[in-house]
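Here the structure is laid out as structure tokens; the discussion comes afterwards.
In listed order, ligands and their atoms are each counted from 1.
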Amino acid sequence: MFTNSGVFIMYKILEKKEIAMRNTWYKIYAPHVAKKVQPGQFVIVRAFPNGERIPLTPIMWDREEGWIVLVAFTKGKTTMKMAMELKEGDEILNVAGPLGNPAPMEKFGKILAIGAYVGIAEVYPIAKAWQEIGNDVTTLHVTFEPMVILKDYFEKAVSRHIVEPVKIDQEKSFQENTKNVTKALTAKVKELLDNENWDLVFMVGPPGDQKAVFEVVKKYGIPMKVDLHPIMVDGTGMCGACRVTVGGEVKFACVDGPEFDAYLVDWDELIHRVGFYSKLEKLALEKYMEELKAKGVI
Ligand SMILES: Cc1cc2nc3c(=O)[nH]c(=O)nc-3n(C[C@H](O)[C@H](O)[C@H](O)COP(=O)(O)OP(=O)(O)OC[C@H]3O[C@@H](n4cnc5c(N)ncnc54)[C@H](O)[C@@H]3O)c2cc1C
Ligand code: FES
């Protein structure tokens with residue numbers, strides 16, 4: 001894509017907006033991804049010259065116009081730097097993809113598709129496609145009140161969209177508050193499973209919440225699929241950073257997944273592995289916040 005001054009920009013940011021607290025929408029020109037991407041696949045993005053590669057999920061795309069939409073939750077340094085420093089018209093250095101396997105497009109019947117926090121964004125293309133091929137899809141979004149996203153899109157795309165907004169208790173830490181999201185999530189899932197018959201449960205969200213929901217679902221014996229989010233580096237099967245144990249076998253989520261059968265996942269190992277770099281991640285974020293303070297940005 002050429003700018004007005006004739007410079008070629010590969011992955012131009014066509015649109016950037018904060019759609020809810022800590023949730024940023026990026027519409028990016030990436031024709032090679034837009035042309036081929038299927039629901040359930042992801043991309044690896046590197047936004048800055050010395051930056052890391054992070055996986056994000058195209059949630060909408062236009063094959064002819066060549067754009068994709070990503071929604072990123074501001075979690076640590078990279079997503080914070082993207083939210084703070086990228087502007088419309090800027091270029092993203094690399095957008096590699098589509099990666100991973102498409103979600104299976106089958107007639108399962110009545111599906112409960114759950115998204116915790118920004119996970120609902122990743123549920124969107126899959127739930128929409130499942131509904132389009134004849135499934136009866138109910139989507140459930142559980143998150144903090146100011147973080148509700150994409151409600152209008154879901155209401156148009158699926159049979160029923162349920163939002164369970166959880167109030168943020170300002171007296172408590174973010175970590176403490178997340179426990180209320182887990183509680184609301186498991187309570188709502190239990191209520192839905194008690195009152196209706198389901199053929200499939202699907203969920204995207206933090207692994208701790210996926211495990212908590214799975215513990216509820218397995219009591220009912222309903223099939224459950226999950227999109228897993230282990231740490232990824234290349235996203236193409238070359239390093240094994242994203243390895244997960246599924247049914248006693250080592251799988252690489254970037255090439256064998258990201259979708260797996262929840263009944264076969266070693267949840268405790270996954271939860272342990274995603275927290276592996278938490279000290280370094282905290283340090284990187286603190287350092288970046290100091291830089292922003294020194295520049296007078298915050
Ligand atoms: C297949 C896949 C699709 C994803 N899609 C989305 C999406 O559409 N929107 C969204 O907001 N988030 C998505 N994520 C999660 C997103 O990649 C992380 O939030 C992001 O990498 C955090 O980077 P950070 O530097 O801001 O935070 P950090 O401080 O680096 O990390 C915070 C937490 O994010 C996770 N994380 C960090 N680096 C990676 C990495 N390279 N790969 C995977 N997880 C990581 C870890 O659990 C970590 O504890 C996806 C993850 C995967 C694996
Ligand atoms: S991220 Fe390297 S093998 Fe999956």
Side-chain angles (χ1 to χ4, degrees), residues 18-26 28 33 37 39-48 50-61 68-86 94-103 115-126 143 147 149-150 174-175 178 203-210 226-244 250-260 270-289:
E18 199 174 346
I19 53 169
M21 186 178 135
R22 291 174 67 177
N23 281 265
T24 312
W25 161 292
Y26 301 91
I28 298 166
V33 180
V37 64
Q41 292 187 297
F42 64 96
V43 291
I44 294 265
V45 168
R46 190 172 66 100
F48 304 102
N50 292 322
E52 63 177 346
R53 297 160 62 87
I54 64 160
L56 293 170
T57 307
I59 65 160
M60 292 166 205
W61 49 83
I68 57 170
V69 169
L70 306 173
V71 175
F73 176 66
T74 305
K75 203 171 206 174
K77 181 186 168 184
T78 300
T79 47
M80 168 81 86
K81 199 170 155 79
M82 285 172 69
M84 297 293 292
E85 296 182 20
L86 293 177
N94 312 114
V95 180
L99 301 168
N101 294 303
Y117 308 97
V118 74
I120 199 69
E122 291 171 65
V123 166
Y124 178 73
I126 300 172
T143 191
M147 292 184 189
I149 52 169
L150 305 172
F174 187 77
Q175 220 49 42
T178 60
M203 179 171 176
V204 186
D209 286 328
Q210 286 178 317
V226 277
D227 264 17
L228 296 186
H229 282 184
I231 301 284
M232 289 188 184
V233 182
D234 58 297
T236 58
M238 288 194 294
C239 70
C242 65
R243 69 184 175 274
V244 286
V250 173
K251 300 277 180 193
F252 290 1
C254 69
V255 286
D256 299 317
E259 196 160 286
F260 293 100
L270 174 69
I271 291 165
H272 174 69
R273 283 180 60 84
V274 292
F276 210 70
Y277 296 104
S278 54
K279 275 196 193 135
L280 289 171
E281 284 157 356
K282 200 166 158 253
L283 221 85
L285 182 61
E286 281 168 5
K287 223 172 132 208
Y288 180 60
M289 299 293 271

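The protein atom (non-hydrogen) at minimum distance from atom 52 (C) of ligand 1 is His229 CD2, 3.4 Å. Nearest to atom 26 (O) of ligand 1 among the protein's heavy atoms is Thr79 OG1, 2.4 Å. Among protein heavy atoms, atom 49 (O) of ligand 1 sits closest to Glu281 OE1, 3.2 Å. The nearest heavy-atom contact from the protein to atom 5 (N) of ligand 1 is Thr57 OG1, 2.9 Å. Val71 O, 2.8 Å is the protein heavy atom nearest to atom 9 (N) of ligand 1. In terms of protein heavy-atom proximity, atom 45 (C) of ligand 1 is nearest to Ile231 CD1, 3.8 Å. The nearest heavy-atom contact from the protein to atom 33 (C) of ligand 1 is Lys75 CD, 3.6 Å. Distance from atom 12 (N) of ligand 1 to its nearest protein heavy atom, with residue and atom name: Leu56 CD2, 3.7 Å.
A donor-acceptor pair is defined here as one N or O able to donate and one able to accept, closer than 3.5 Å; such a pair exists between the side chain of Asp234 and the backbone of Thr236. A donor-acceptor pair is defined here as one N or O able to donate and one able to accept, closer than 3.5 Å; no such pair exists between the side chain of Asp209 and the backbone of Gly205. Of the possible polar contacts, none joining the Asp227 side chain to the Val204 backbone as a donor-acceptor pair under 3.5 Å is found. Remark: the backbone N or O of Asn101 is not paired with any side-chain donor or acceptor of Gln41 at under 3.5 angstrom.
Looking at Pro98 and Phe42, their side chains never come closer than 4.5 Å, going by heavy atoms from C-beta outward. Looking at Thr79 and Phe73, their side chains never come closer than 4.5 Å, going by heavy atoms from C-beta outward.
Taking a 4.0 Å cut-off on heavy atoms, Arg53 registers as neighbouring ligand 1. Residue contacts with ligand 1: Ala72 is included, with a non-hydrogen atom under 4.0 Å away. Residue contacts with ligand 1: Val118 is included, with a non-hydrogen atom under 4.0 Å away. Look at Lys282 and you'll find every heavy atom at least 4.0 Å from all atoms of ligand 1. No heavy atom of Ala284 sits closer than 4.0 Å to any atom of ligand 1.
Residue contact check: Pro230 has heavy atoms under 4.0 Å from atoms 42 (N), 43 (C), 44 (N), 53 (C) of ligand 1. The Val274 neighbourhood of ligand 1 comprises atoms 46 (C), 47 (O), 49 (O), with distances under 4.0 Å to a heavy atom of that residue. The distance from ligand 1 to the heavy atoms of Glu52 drops below 4.0 Å at these ligand atoms: 25 (O), 30 (O).
At a cut-off of 3.5 Å, with distance as the only test, a side-chain donor of Thr78 or Glu52 sits close to an acceptor on the other residue.
Shown are the protein N/O/S atoms under 2.8 Å from atom 4 (Fe) of ligand 2, given by residue and atom: Cys242 SG, Cys254 SG.
Nearest heavy atoms, Val233 versus Ile44: O-CD1, 4.1 Å. Of all the heavy atoms in Tyr26 and Ala83, the pair that sits closest is OH-N, 3.4 Å. A pairwise comparison of heavy atoms in Leu150 and Ala121 identifies CD1-CA, 3.7 Å as the closest pair. When all heavy atoms are compared, the tightest approach of Arg273 to Ala241 is NH2-O, 2.9 Å. Heavy-atom minimum distance, Cys254 versus Gly237: SG-N, 3.2 Å. Across every non-hydrogen atom of Ala116 and Met203, the tightest pair is CB-CE, 4.0 Å.
Ligand 1 has an N or O atom lying under 3.5 Å from an N or O atom of Gly76, backbone or side chain. Close N/O approach between Phe42 and ligand 1 is not found [any backbone or side-chain N/O within under 3.5 Å]. At least one N or O atom of Pro55, backbone or side chain, sits closer than 3.5 Å to an N or O atom of ligand 1. Below 3.5 Å of separation, one finds an N or O of Phe73 facing an N or O of ligand 1.
Distances from atom 6 (C) of ligand 1 to the heavy atoms of Lys77, Lys81, Glu122, Met232 show the closest one on Glu122. Taking all heavy atoms of Val233, Ile54, Val69 into account, the minimum distance to atom 21 (O) of ligand 1 is reached by Ile54.
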Decide yes or no on side chain to side chain contact (heavy atoms under 4.5 Å, CB included) for Ile68 and Val95, but give the supporting numbers first. CA-CA 10 Å; Ile68 57 170; Val95 180; 4.3 Å; yes
Could you walk me through whether Ile19 and Met147 pass the side chain to side chain contact (heavy atoms under 4.5 Å, CB included) check? CA-CA 8 Å; Ile19 53 169; Met147 292 184 189; over 6 Å; no
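The proximity of Asp227 to ligand 1, defined as any non-hydrogen pair under 4.0 Å, does not occur for either the backbone or the side chain.
Note that Lys81 lies in the cation-pi zone of Phe48, set by a 6.0 Å cut-off to the ring centre and a 45° limit from the axis.
Rounded to the nearest 0.5 Å, atoms OG1 (Thr74) and CE (Met21) are 10.0 Å apart.
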